[in-house]
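Written below as structure tokens is the structure these notes are about.
As the structure is a prediction and not an experimental result, all values here were calculated from the model.
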Amino acid sequence: SGSSAAAPLPEEDCMKLNPSFLGIALSSLLAIDLWASKRLGVCAGEGSAWGSARPLMKVIEVSGHGIPWLLGTFYGLCQSDTSAAREVLLNLLFALLLDLVLVAVVKGLVKRRRPTHNKMDMFVTISVDKYSFPSGHATRAALVCRFILHHLVLAVPLRVLVVLWALIVGISRVMLGRHNVTDVLFGLMLGYALYSVVEYCWLSPLSAPALFALW
């Protein structure tokens, strides 16, 4: 009947005449993030600007992947012959597992898709790896970097190389087209903060005797 009220339009079809300043700022930052990420994705394909560097970027990608770090840490833990080494390696293993779980949870909650120019040819992926926020490689690189700098006695040149490695891993994620810039920046900050959690929950023969009894 003519007296019946018109059905309301879906919210996405309604024009917002007075958008908030915060909404405008966030939309602008998102647009800048997407634009910068696409411009910096110079190794996203073989035919891209720096396509010849793509194999090198993929080697760097593997260096920051969770599986090599988990397997290497577990192997070192099995081969260690001192209690101090076992304590450090056990806590590194705990840090890596905590990193994997936290990144997977955040990715599952945010569900931000990877850049459209990304090629899904990544080394060993799981279900949540179709999402991009945050960058697990960047998170892991920052976490491992802080861990190594605090618990290994290294000469200054080696300490510089560790920091450079973490930064290069983060940069390579954007260059390969795997992530947007904000994915990497948040990942680096998350990994840096996650190390503080690991230090607070540090496992020792006194706090976790059952774990150390296994080794």
Side-chain angles (χ1 to χ4, degrees), residues 10-12 22-72 95-146 163-195 197:
E11 182 179 352
E12 60 269 19
L22 180 60
I24 295 174
L26 290 177
S27 297
S28 300
L29 288 175
L30 177 61
I32 293 172
D33 180 34
L34 296 177
W35 172 82
S37 301
K38 190 167 186 178
R39 291 293 299 272
L40 294 172
V42 293
C43 300
E46 288 78 2
S48 55
W50 287 17
S52 59
R54 183 174 175 82
L56 175 60
M57 292 295 107
K58 293 189 72 173
V59 171
I60 296 172
E61 178 177 66
V62 174
S63 77
H65 197 280
I67 289 181
W69 277 101
L70 284 171
L71 292 179
L96 293 170
L97 293 172
L98 183 62
D99 165 68
L100 286 175
V101 172
L102 181 60
V103 170
V105 169
V106 176
K107 283 187 174 183
L109 291 175
V110 177
K111 295 183 177 180
R112 185 183 193 184
R113 292 288 176 178
R114 290 189 181 271
T116 55
H117 54 284
N118 173 49
K119 290 178 61 178
M120 289 299 290
D121 58 349
M122 294 176 288
F123 174 74
V124 187
T125 60
I126 57 175
S127 59
V128 293
D129 283 331
K130 61 185 176 182
Y131 302 124
S132 72
F133 185 91
S135 166
H137 280 69
T139 304
R140 189 173 305 109
L143 171 65
V144 170
C145 177
R146 283 196 74 188
V163 175
L164 285 178
W165 167 78
L167 294 176
I168 290 172
V169 168
I171 293 170
S172 71
R173 308 311 290 155
V174 180
M175 292 180 67
L176 280 169
R178 307 293 197 208
H179 291 279
N180 296 302
V181 174
T182 50
D183 302 334
V184 173
L185 292 178
F186 185 83
L188 291 172
M189 291 188 293
L190 181 62
Y192 188 89
L194 189 57
Y195 173 78
V197 176

Closest non-hydrogen contact found for Ala138 with Val184 is CB-O, 3.7 Å
CG of Asp33 to CG of Asn180, rounded to nearest 0.5 Å, is 4.5 Å
Output for pair (Leu34 CG, Leu29 CG), nearest 0.5 Å, gives 11.0 Å
Here the ring-ring contact (aromatic ring centres under 6.0 Å, His included) pairs for residues 47-70, sequence neighbours left out, are His65-Phe123, His65-His137, Trp69-Trp165
Ring pair (Phe, Tyr, Trp, His ring centres under 6.0 Å) filter on His179, not counting sequence neighbours, yields none
Heavy-atom nearest pair, Pro134 first then Val106, reads CD-CG1, 3.5 Å
4.5 Å side-chain heavy-atom contact, Arg173 and Asp183: no
**Study point:** Check: Val101 and Leu97 side chains under 4.5 Å, non-hydrogen atoms
**Key:** no
Between the CG atom in Leu167 and the OG atom in Ser172, the distance rounded to the nearest 0.5 Å is 11.0 Å
Check your understanding: Does Leu30 reach the side chain of Thr182, with side-chain heavy atoms less than 4.5 Å apart?
Key -> no
Shortest non-hydrogen pair, Val103 vs Gly136, comes out as CG1-CA, 3.9 Å
Here the gap from Arg112 atom CZ to Lys107 atom NZ, rounded to the nearest 0.5 Å, amounts to 12.0 Å
Rounding to 0.5 Å, atoms CG (Leu102) and OG1 (Thr139) come to a distance of 7.5 Å
Would a 4.5 Å heavy-atom cut-off, applied to side chains only, mark Met175 and Ile60 as touching? no
Closest heavy-atom pair, Pro115 versus Gly177, reported as atoms and distance to 0.1 Å, is CG-O, 3.5 Å
Interatomic distance, NZ@Lys130 vs CG@Asn118, rounded to 0.5 Å, equals 14.5 Å
**Lys119 atom NZ, neighbour heavy-atom count above 12 within 6.0 Å** = yes
Between Tyr192 and Arg146, the two heavy atoms sitting closest are O-NH1, 2.7 Å
Would the distance check show the side chain of Arg114 and the main-chain N or O of Ser132 forming a donor-acceptor pair, the cut-off being under 3.5 Å? no
Residue set satisfying salt bridge (Lys or Arg N to Asp or Glu O under 4.0 Å) with Arg140, at least two apart, ordered chain then number -> Asp99
